[in-house]
2 protein chains.
Amino acid sequence: MDTHKHALTVDSVIFGFDDGELKVLIVKHGSGESRGRWGLPGDWLKSGETLEQAASRVLQNRTGLRDIFLQQLHVFSALERHPGERIITVAFFALVRSDAHVLAAGESEMDARWVSVRDVPQLIFDHDEILQTALARLKHKVRHEPIGFNLLPEKFTLLELQKLYEAVLDITLDKPNFRRKMMKMNLLVSTNEKQSGVSYRAATLYRFDMAVYNRLTEQGFVFEV
Amino acid sequence: MDTHKHALTVDSVIFGFDDGELKVLIVKHGSGESRGRWGLPGDWLKSGETLEQAASRVLQNRTGLRDIFLQQLHVFSALERHPGERIITVAFFALVRSDAHVLAAGESEMDARWVSVRDVPQLIFDHDEILQTALARLKHKVRHEPIGFNLLPEKFTLLELQKLYEAVLDITLDKPNFRRKMMKMNLLVSTNEKQSGVSYRAATLYRFDMAVYNRLTEQGFVFEV
DNA sequence: TCAAAAGTGTTAACTGTACACCCATGC
DNA sequence: GCATGGGTGTACAGTTAACACTTTTGA
């Protein structure tokens with residue numbers, strides 16, 4: 001046996017935002033010692049694909065989604081992290097829009113489930129640790145990069161954006177100050193559309209302008225909460 | 001052959017700070033196609049060790065240093081990143097104190113060399129990309145975490161600290177403002193010692209207080225340049 | 001008219017930035 | 001004295017944070 005070769009998997013922490021709560025996708029494992037217990041979605045790395053391709057494939061199989069925010073998180077290589085065989089896993093974290101919280105065809109509530117991050121059951125192996133690492137990373141990144149927009153639908157109101165930040169960071173924010181701060185960055189463009197179906201004054205719908213963001217960052221702009 | 005098994009290496013970007021310049025350790029490869037060309041220090045992952053242990057082992061073999069700041073950077077898994085056999089590498093980045101820029105016994109200038117990041121020769125495989133990724137990560141992290149102190153000797157002057165930031169971030173800073181900002185954080189403690197051997201007024205030597213930093217961060221303190 | 005959220009205005013405290021300045025030391 | 005860096009003072013501009021307030025809408 002080649003001593004330089006190692007069993008490699010990818011596991012993804014897939015975050016969503018719904019009902020004002022940050023959620024994560026967990027799946028039920030169907031084989032081996034961990035049968036019937038909840039864990040993060042993952043699979044073996046195949047020999048003809050990159051890690052990013054493998055994570056992307058798992059994401060598409062589970063949710064039907066493509067072209068999603070997906071980034072490496074950390075590699076977990078503790079010797080005893082997996083019972084029996086030694087397996088190293090490369091963890092990813094993904095952000096999906098709440099209007100796309102579909103599960104792939106064939107997935108039932110029994111197999112896969114969106115759960116609030118405040119209410120995650122115990123997970124297999126070191127998946128709890130992976131989840132905590134992802135949460136910490138998300139909290140940190142959301143303050144310095146406009147990745148939060150990946151959790152919202154295409155068009156959103158300022159309050160929805162604020163609620164997202166409040167849920168992710170577990171804090172409360174001042175509405176007037178939040179909206180001024182966001183507007184001053186010039187990253188939100190009005191769609192000239194209004195909210196509908198609400199029993200109060202309809203808010204303006206905005207969308208995030210990635211092109212403006214890229215232009216600004218080239219000029220040295222830094223995004224801060 | 002087991003299709004889930006993959007050849008794995010670790011490669012480290014080891015930064016040092018000397019002569020007011022940010023430097024990186026490169027080594028000459030001694031075998032295979034890449035013989036005689038410069039690259040990042042690395043090795044195979046062995047079956048009985050974690051990735052962190054492997055990176056730490058390489059670091060110790062090359063520099064003789066232990067207990068050094070060492071962190072995962074990114075996994076590089078492009079199919080064609082290594083000629084011939086497919087090899088996946090987990091890149092690390094390390095920060096070492098300038099007063100410890102020794103090379104391990106047996107290393108000569110021919111085998112290993114500290115070079116300014118502004119003056120790095122072309123490296124093998126995708127090592128240029130790994131270095132660029134590490135530089136970007138260092139620039140980002142140094143603003144939000146007090147990792148810069150890992151590049152300085154135990155005792156340092158405020159100007160040395162400022163020069164470090166200037167070199168890493170490639171900017172110039174205002175001396176009075178920089179010192180006030182640093183002092184206000186209460187992370188530096190005076191050693192009651194002065195610089196010696198300088199032909200101008202001797203500066204106070206400070207050291208970074210990790211215990212204070214940990215206490216502050218627990219209270220929600222965030223380090224910003 | 002009430003509740004809910006959309007939005008605007010105001011102020012005081014705090015921070016960042018620029019730059020003028022004096023101090024100590026060795027040559 | 002002069003060059004070099006150590007170290008302090010200050011003042012304006014800009015930002016943050018807290019919160020009072022008016023507006024719009026559907027039920």
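Letters go in sequence order (proteins before strands), and every chain restarts at 1.
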Inset, instruction - Ignoring hydrogens and angles, state whether a donor on the side chain of T89(A) or T9(A) is under 3.5 Å from an acceptor on the partner side chain. - result: yes
Inset, instruction - For side chain to side chain donor-acceptor pair (under 3.5 Å), just list the numbers for E52(B) and Q71(B), CA-CA rounded to whole Å, side-chain angles, deciding distance to a tenth of an Å, and then say yes or no. - result: CA-CA 8 Å; E52(B) 283 72 18; Q71(B) 223 171 55; over 6 Å; no
Inset, instruction - Return the set of residues passing salt bridge (charged side-chain N to carboxylate O under 4.0 Å, His left out) with D209(A) (not counting sequence neighbours), or none when no residue passes. - result: none
Legend entry - Nearest heavy-atom neighbours spanning I130(B) and L40(B): CG2-CD1, 3.7 Å
Legend entry - Residue pairs fulfilling ring pair (Phe, Tyr, Trp, His ring centres under 6.0 Å) with at least one residue in residues 184-225 of chain B, sequence neighbours excluded: F149(B)-F208(B)
Legend entry - Members of residues 174-181 of chain B that approach DNA chain D, where some heavy atom sits under 4.0 Å away: K175(B), P176(B), R179(B), R180(B)
Legend entry - Donor-acceptor under 3.5 Å (D126(B) side chain, E129(B) main chain): no
Inset, instruction - Residues of residues 192-201 of chain B with any non-hydrogen atom less than 4.0 angstrom from an atom of DNA chain C: list those, numerically ordered, please. - result: V198(B), S199(B), Y200(B), R201(B)
Inset, instruction - For R180(A) and D174(A), run salt bridge (charged side-chain N to carboxylate O under 4.0 Å, His left out): C-alpha distance rounded to whole Å, both residues' side-chain angles, the deciding distance at 0.1 Å, then the answer. - result: CA-CA 10 Å; R180(A) 265 190 292 258; D174(A) 181 85; 5.4 Å; no
Legend entry - Polar side-chain atom of Q195(A) near backbone of A203(A) as donor-acceptor pair, under 3.5 Å: yes
Legend entry - Heavy-atom pair of closest approach, residues I68(B) and L95(B): CG2-O, 3.2 Å
Inset, instruction - Would you classify L159(A) as touching base, sugar-phosphate or nothing, given that sugar-phosphate means primed atoms plus P, OP1 and OP2, and contacts are heavy atoms under 4.0 Å? - result: sugar-phosphate
Legend entry - Along DNA chain D, first and last positions that approach a heavy atom of chain B under 4.0 Å: dT4(D) to dT10(D)
Legend entry - Range on DNA chain C touched by chain A, heavy atoms, distance below 4.0 Å: dA4(C) to dT10(C)
Inset, instruction - Indicate the ring-plane relationship of H127(B) and F125(B), choosing parallel, tilted or perpendicular according to the 30° and 60° boundaries. - result: perpendicular
Inset, instruction - Provide the closest heavy-atom pair for M182(A) versus V225(A) in the form atom of the first, atom of the second, distance. - result: CE-C, 4.2 Å
Legend entry - Stepwise side-chain contact (heavy atoms from CB on, under 4.5 Å) check, V58(A) with D11(A): CA-CA 8 Å; V58(A) 169; D11(A) 285 303; over 6 Å; no
